[in-house]
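One structure is given below, encoded as structure tokens.
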Protein chains: 2
Amino acid sequence: MATRTRRSQRRTEALSRERIVEAAVELLDTAGESGLTFRALTERLATGPGAIYWHVANKDELLDAATGAVVAAALAAEPAARAEAAESADPAELAKSAESTKPAESPDSPQDKIRAIAFGLFGAIEDHPWLPTQLALQLSRSPWGSVTPQIFESIGQQVRALGVPEGHWFTAASALVHYILGATGQNAANNASARTLAPDVDRAEFLDAASKAWEELDPDDYPFIRAVAAQMREHDDREQFLAGIDLVLTGITALHLPGEQGRTTPPAT
Amino acid sequence: MATRTRRSQRRTEALSRERIVEAAVELLDTAGESGLTFRALTERLATGPGAIYWHVANKDELLDAATGAVVAAALAAEPAARAEAAESADPAELAKSAESTKPAESPDSPQDKIRAIAFGLFGAIEDHPWLPTQLALQLSRSPWGSVTPQIFESIGQQVRALGVPEGHWFTAASALVHYILGATGQNAANNASARTLAPDVDRAEFLDAASKAWEELDPDDYPFIRAVAAQMREHDDREQFLAGIDLVLTGITALHLPGEQGRTTPPAT
DNA sequence: ACCTGAACACCGTTCAAGT
DNA sequence: ACCTGAACACCGTTCAAGT
């Protein structure tokens, strides 16, 4: 802890948009969304606010760039993500789901690639819990800004590879992306609140507490949540997340399967 | 336009948390998220900031209360929502999807109730475009605050009524809620950006412009989005939204159907 | 118990001035 | 072209004081 981000050191390197975005991500990671201010940024970069505004139009653009950088990294890490997931998840659980009666599906099937993309984003929130919130904010700022299309595109390509009829591409890709972003956001929030409420306590204990809180809800108003509280206690985040992906994938597959008994709506013609 | 929110008029009514939240919603609706400030609020309510802080802990709590009020209204409007939706959607489209080969399904089936809940929230964004963003922000503030559980519960009850095996309740309800919130957010953003970019132009022209922008993306980087751009031009928001709901419903139904050919993962035991 | 409103700390952003 | 840093407008929040 001798040379801890000495500002005199940094001063030598030239300021650039890239370095600013990098510093913004670091600040978001370590100090949270409220920790990213222009003053904190200028201190970290040893400059004045004017210098930052030379490279970046405003705070929103900076936030978008930070979000974009992290998402791009997560999507690029696709192949590695699966291995990492296997490593950090409960080995017993993983083995169980791997060996059981899964239908024939090639190792690099579109399904697997979709899971890999999803897992890449899911994993990114561990280091960047602010990601889902910023994705939502960016969506509201500019719906078809740069980040969402990246995710939509990478998922969409696999949807196409899945053999989904063209008329359903948009619907199928949207359903997957929305599920992924929603579940990712939910999980980031859970993590954050686990850390905030009890920083020293581990995840399992937090889930236990949360599940108890659920069980104490008014049975008349919240019968379902109460009933589901028990499941919550012993659920594994990654497993749950994957189960949701597979559920949506099942729905998508049904769009072009011959015997379409589960369908509730006609194709869009 | 004679007596337009005269402050002297209001002064007579006593200040209350309810009235503050009501004013906050109005401000959000008319002036957007950046328009809701304590100064604008004090002016509208003809008080000082201290008075507001007597009834409300801080801005986040106020935002949460506003979000909660609007969501509660949307969920309560369930039955009416369908009728309203039928009225404002393109009649030809609706008729088409209504008469065609839909499998036998009672008029008040869980599926229909889920669609009604979803439509209620979907419809609420017309008047309250800030809703999805605030839902996301509230989620990140307190994951199991008051609003999300309300939505989760009402969807969950129908999931149970659907006959989903208990082990999948959580997954099924989560998938639905995430899709609904995601699609709702996407749509709110589209509406907002349509209004911002071209306030005088109607929705169809905006979609046309957006779809053209998509078609101009680099074909090497965005083959899927380009391919899907054409679909986007002639898509109907509500129809698209419903198609996504039905896709997820199909996936859920497959969880407990006898011939489970679409499944890619074993049940959670 | 409920309300007033001046004051405080902090924020994003600007801009004349420097190199 | 790139950077400096004081200054500005505005924000959420506090709190001693009133009724």
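Values below: every heavy atom of this structure, side chains too, minus hydrogens, waters and symmetry copies. All values reported here derive from a predicted model rather than from experimental measurement. In what follows, every chain begins at residue 1, and chains take the letters A, B, ... in the order their sequences are listed.
B/Glu33 places its CD atom 17 Å from the C1' atom of D/dG12, with the value rounded to the nearest Å. Atom CG of B/Leu15 and atom P of C/dA1 are 17 Å apart (whole Å). Here the P atom of nucleotide C/dC15 and the OH atom of A/Tyr53 are 12 Å apart, to the nearest Å. As rounded to whole Å, 11 Å separates atom C1' of D/dC3 from atom CD1 of A/Ile52. When rounded to the nearest whole Å, the span between CG of A/Leu36 and P of C/dC11 equals 11 Å. As a whole-Å value, the separation of B/Arg19 CZ from C/dC2 P is 15 Å. C/dC2 atom P lies 16 Å from atom CG of B/Leu45, rounded to whole Å. With rounding to whole Å, A/Trp54 atom CH2 is found 9 Å from D/dC3 atom P.
For the segment residues 55-64 of chain A, residues with any heavy atom less than 4.0 angstrom from an atom of DNA chain C are, sorted by number, A/Asn58, A/Lys59.
Residues passing the side-chain contact (heavy atoms from CB on, under 4.5 Å) test with A/Asp220 are A/Asp218, sequence neighbours excluded. Remark: B/Ser16 pairs with B/Glu18, B/Arg19 by the side-chain contact (heavy atoms from CB on, under 4.5 Å) rule, at least two apart or across chains. Residues meeting the side-chain contact (heavy atoms from CB on, under 4.5 Å) test with A/Pro49, sequence neighbours left out: A/Thr42. With sequence neighbours excluded, the residues forming a side chain to side chain donor-acceptor pair (under 3.5 Å) with A/Gln157 are A/Glu153, listed by chain and number. Scored by the side chain to side chain donor-acceptor pair (under 3.5 Å) test, B/Ser174 finds no partners at all (sequence neighbours excluded). Scanning for side-chain contact (heavy atoms from CB on, under 4.5 Å) contacts around B/Gln231 gives A/Glu166, A/Trp169, A/Phe170, B/Val228, with sequence neighbours left out.
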Without placing hydrogens or testing angles, list every side-chain donor-acceptor pair under 3.5 Å for residues 127-136 of chain A, not counting sequence neighbours.
unit_1   : atom_1 : unit_2  : atom_2 : d
A/His128 : ND1    : A/Asp29 : OD1    : 2.7
A/His128 : ND1    : A/Asp29 : OD2    : 3.1
A/Trp130 : NE1    : A/Asp29 : OD1    : 2.7
A/Gln134 : NE2    : A/Glu33 : OE1    : 2.8

Distances under 3.5 Å between nitrogen or oxygen atoms of protein and nucleotides 5-7 of chain C:
unit_1 : atom_1 : unit_2  : atom_2 : d
C/dG5  : O6     : B/Gly50 : N      : 3.1

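Ring geometry for A/Phe152 against B/Trp214 counts as tilted: the plane angle lies between 30° and 60°, on a 0 to 90° scale.
For residues 57-68 of chain B, the pairs satisfying side-chain hydrogen bond (donor to acceptor under 3.5 Å, both in side chains) are B/Arg17-B/Glu61, B/Asp60-B/Arg141, B/Asp64-B/Arg141, with sequence neighbours left out. Sorted by first and then second residue, the pairs that involve residues 33-76 of chain A and meet ring-ring contact (aromatic ring centres under 6.0 Å, His included), not counting sequence neighbours, are A/Phe38-A/Tyr53.
Helical stems involving DNA chain D, defined as 3 or more consecutive Watson-Crick or G-U pairs under 3.5 Å, span C:4-8 with D:12-16, C:12-16 with D:4-8.
Not a single donor-acceptor pair under 3.5 Å links the side chain of A/Thr47 to the backbone N or O of A/Glu43.
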